[in-house]
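First comes the structure, then the notes that go with it.
These numbers were taken from a predicted model, which means no experiment stands behind them.
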Amino acid sequence: MNETSRVVLLTGASSGFGHAIGAALARDGHRVFATSRASGAMPVPGATHLTLDVTDEISIAGCVEEVMRIAGRVDVLINNAGLGIAGAIEDTTIEEARAQFETNLFGLHRMCRAVLPHMRRQGGGHIINMSSLAGQIAIPFQGFYSASKFAIEGYSEALRMEARPYGIQVCMIEPGDFATAFTANRRMTAASTPASPYYERCEAAVRRMAHDEQANKDLSPVVDAVRAIIASERPALRYPRANAVQRVFAALRPCLPQAVTEYLIRSTYGLP
């Protein structure tokens with residue numbers, strides 16, 4: 001390690017953004033602790049691998065303790081672990097909704113709480129939370145996924161102001177559609193069956209989501225956003241990374257009449 005190297009703790013590193021980010025940062029000379037729930041997950045080249053379940057307080061405590069034992073500090077926390085549940089809101093049980101929030105929001109919160117005391121003591125650090133454009137634009141039939149990402153937006157904005165006096169920078173990356181394992185791992189609610197009155201519209205919307213996601217295989221915009229944040233002493237709060245149409249729509253969203261916004265979103269997913 002050199003003067004510009006950082007100790008990075010990365011969640012959700014088994015595939016997709018996490019794997020790409022971990023490999024890139026390791027190549028850059030950072031000391032990367034890449035974590036995933038499965039001990040046999042695909043290894044991130046150049047990283048130290050640890051097992052971590054962000055829904056388990058004991059697992060988190062043990063993981064952070066091991067990083068501190070080996071490296072003595074945590075300079076960068078990247079909260080990338082996530083879960084996607086799709087289905088109509090009416091077809092989503094409380095248990096399914098809780099599972100969505102347990103990973104996406106409360107798992108992220110558990111990781112922040114575990115790492116913040118160390119960052120305060122060492123006089124600074126970076127926390128990068130993986131949000132989504134779905135955290136600013138609600139997606140039909142991914143209502144609870146969007147809700148969890150909306151929550152991350154508010155959480156991160158508040159934490160950024162609270163942690164600022166301690167030299168801790170809090171940022172979000174907001175990806176649009178990218179080809180990752182998220183598409184294959186997306187869970188449908190148990191009630192998303194032909195018996196549901198929402199079935200046909202939900203199936204059509206999710207098919208379109210999967211198509212758009214898998215059409216964009218270049219993950220470098222998200223990886224480069226992480227690099228930019230780590231290299232900056234005063235990074236921005238939000239780093240939207242999406243195609244041009246999605247970026248423009250997200251930027252104009254606050255200015256558009258709600259009826260226009262809904263029409264454009266419904267049109268995108270082929271919904272009446």
Side-chain angles (χ1 to χ4, degrees), residues 1-39 41-54 56-82 107-131 152 156 159-160 162-173 219-220 222-237 239:
M1 293 180 66
N2 54 50
E3 290 183 0
T4 61
S5 296
R6 301 288 184 266
V7 175
V8 180
L9 176 54
L10 167 65
T11 71
S14 60
S15 63
F17 290 136
H19 194 275
I21 290 166
L25 295 184
R27 287 195 302 271
D28 291 346
H30 299 292
R31 187 163 194 178
V32 178
F33 291 86
T35 72
S36 63
R37 286 184 301 173
S39 57
M42 181 171 61
V44 175
T48 299
H49 297 87
L50 299 174
T51 302
L52 170 67
D53 181 351
V54 299
D56 186 328
E57 297 272 4
I58 295 175
S59 175
I60 290 170
C63 177
V64 173
E65 181 180 342
E66 183 68 1
V67 173
M68 294 301 297
R69 183 187 69 80
I70 296 171
R73 60 188 296 115
V74 179
D75 298 308
V76 182
L77 169 64
I78 305 175
N79 282 310
N80 176 69
L108 177 151
H109 177 51
R110 292 184 188 100
M111 291 302 301
C112 288
R113 290 196 70 219
V115 166
L116 278 165
H118 300 293
M119 288 187 172
R120 283 192 293 103
R121 280 195 292 270
Q122 70 197 27
H126 288 73
I127 294 175
I128 304 173
N129 293 331
M130 196 64 70
S131 182
I152 289 171
S156 300
L159 179 59
R160 181 179 172 94
E162 294 175 3
R164 183 176 180 273
Y166 306 105
I168 301 169
Q169 302 293 331
V170 179
C171 310
M172 288 177 286
I173 300 176
L219 307 186
S220 63
V222 172
V223 173
D224 290 343
V226 172
R227 285 173 160 148
I229 292 169
I230 292 175
S232 176
E233 293 184 2
R234 295 188 180 279
L237 172 62
Y239 288 76

Those residues at least two apart in sequence (or on a different chain) that pass ring pair (Phe, Tyr, Trp, His ring centres under 6.0 Å) with F33 are none

Sequence neighbours excluded, the answer for ring pair (Phe, Tyr, Trp, His ring centres under 6.0 Å) partners of H109 is Y155

> Are any non-hydrogen side-chain atoms of Q122 and D75 less than 4.5 angstrom apart?
Replying inline: yes

Q | M130 and N79, any side-chain heavy atoms less than 4.5 Å apart | A | no

Search all heavy atoms of [X] against all heavy atoms of [Y] and return the closest pair with its distance.
{"X": "L219", "Y": "A20", "value": "CD1-CB, 4.0 Å"}
{"X": "V223", "Y": "A24", "value": "CG1-CB, 3.4 Å"}
{"X": "A81", "Y": "V54", "value": "CB-CG1, 4.2 Å"}
{"X": "R160", "Y": "V170", "value": "NH1-O, 2.8 Å"}
{"X": "V32", "Y": "A26", "value": "CG2-N, 3.7 Å"}
{"X": "A34", "Y": "A13", "value": "CB-CB, 3.6 Å"}

Who are the side-chain hydrogen bond (donor to acceptor under 3.5 Å, both in side chains) partners of [X], not counting sequence neighbours?
{"X": "S156", "answer": "N129"}
{"X": "T11", "answer": "none"}
{"X": "S220", "answer": "D218"}

Is atom CZ of R73 surrounded by more than 12 heavy atoms (other residues, nucleotides or ligands) closer than 6.0 Å?
yes

Sequence neighbours left out, what passes salt bridge (Lys or Arg N to Asp or Glu O under 4.0 Å) with [X]? Give chain and number order.
{"X": "E66", "value": "R69"}
{"X": "D224", "value": "R227"}
{"X": "R234", "value": "none"}

Counterpart residues, side-chain contact (heavy atoms from CB on, under 4.5 Å), relative to [X] (two or more places apart):
{"X": "S36", "result": "S14, A41"}
{"X": "R110", "result": "T55, E57, I60, E102, F106"}
{"X": "H126", "result": "V76, Q169, I229, P235"}
{"X": "P117", "result": "R120, R121"}

For the atom pair [atom1] ([X]) and [atom2] ([Y]), what is the distance rounded to the nearest 0.5 Å?
{"X": "I70", "Y": "L50", "atom1": "CD1", "atom2": "CG", "result": "6.0 Å"}
{"X": "R37", "Y": "T51", "atom1": "CZ", "atom2": "OG1", "result": "11.5 Å"}
{"X": "D56", "Y": "C63", "atom1": "CG", "atom2": "SG", "result": "11.5 Å"}
{"X": "C171", "Y": "L159", "atom1": "SG", "atom2": "CG", "result": "10.5 Å"}
{"X": "L9", "Y": "M111", "atom1": "CG", "atom2": "CE", "result": "4.5 Å"}

Partner of V74 under side chain to side chain contact (heavy atoms under 4.5 Å, CB included), picked from V115, V8, L116, is V115

Side chain to side chain contact (heavy atoms under 4.5 Å, CB included) test vs I78 passes for just one of I173, T35, L25, I127, namely L25

Original post:
Side chain of R6, backbone of T4: donor and acceptor closer than 3.5 Å?
Top reply: yes

**Study point:** Expected output: side-chain H19 to main-chain G12 donor-acceptor under 3.5 Å
**Key:** no

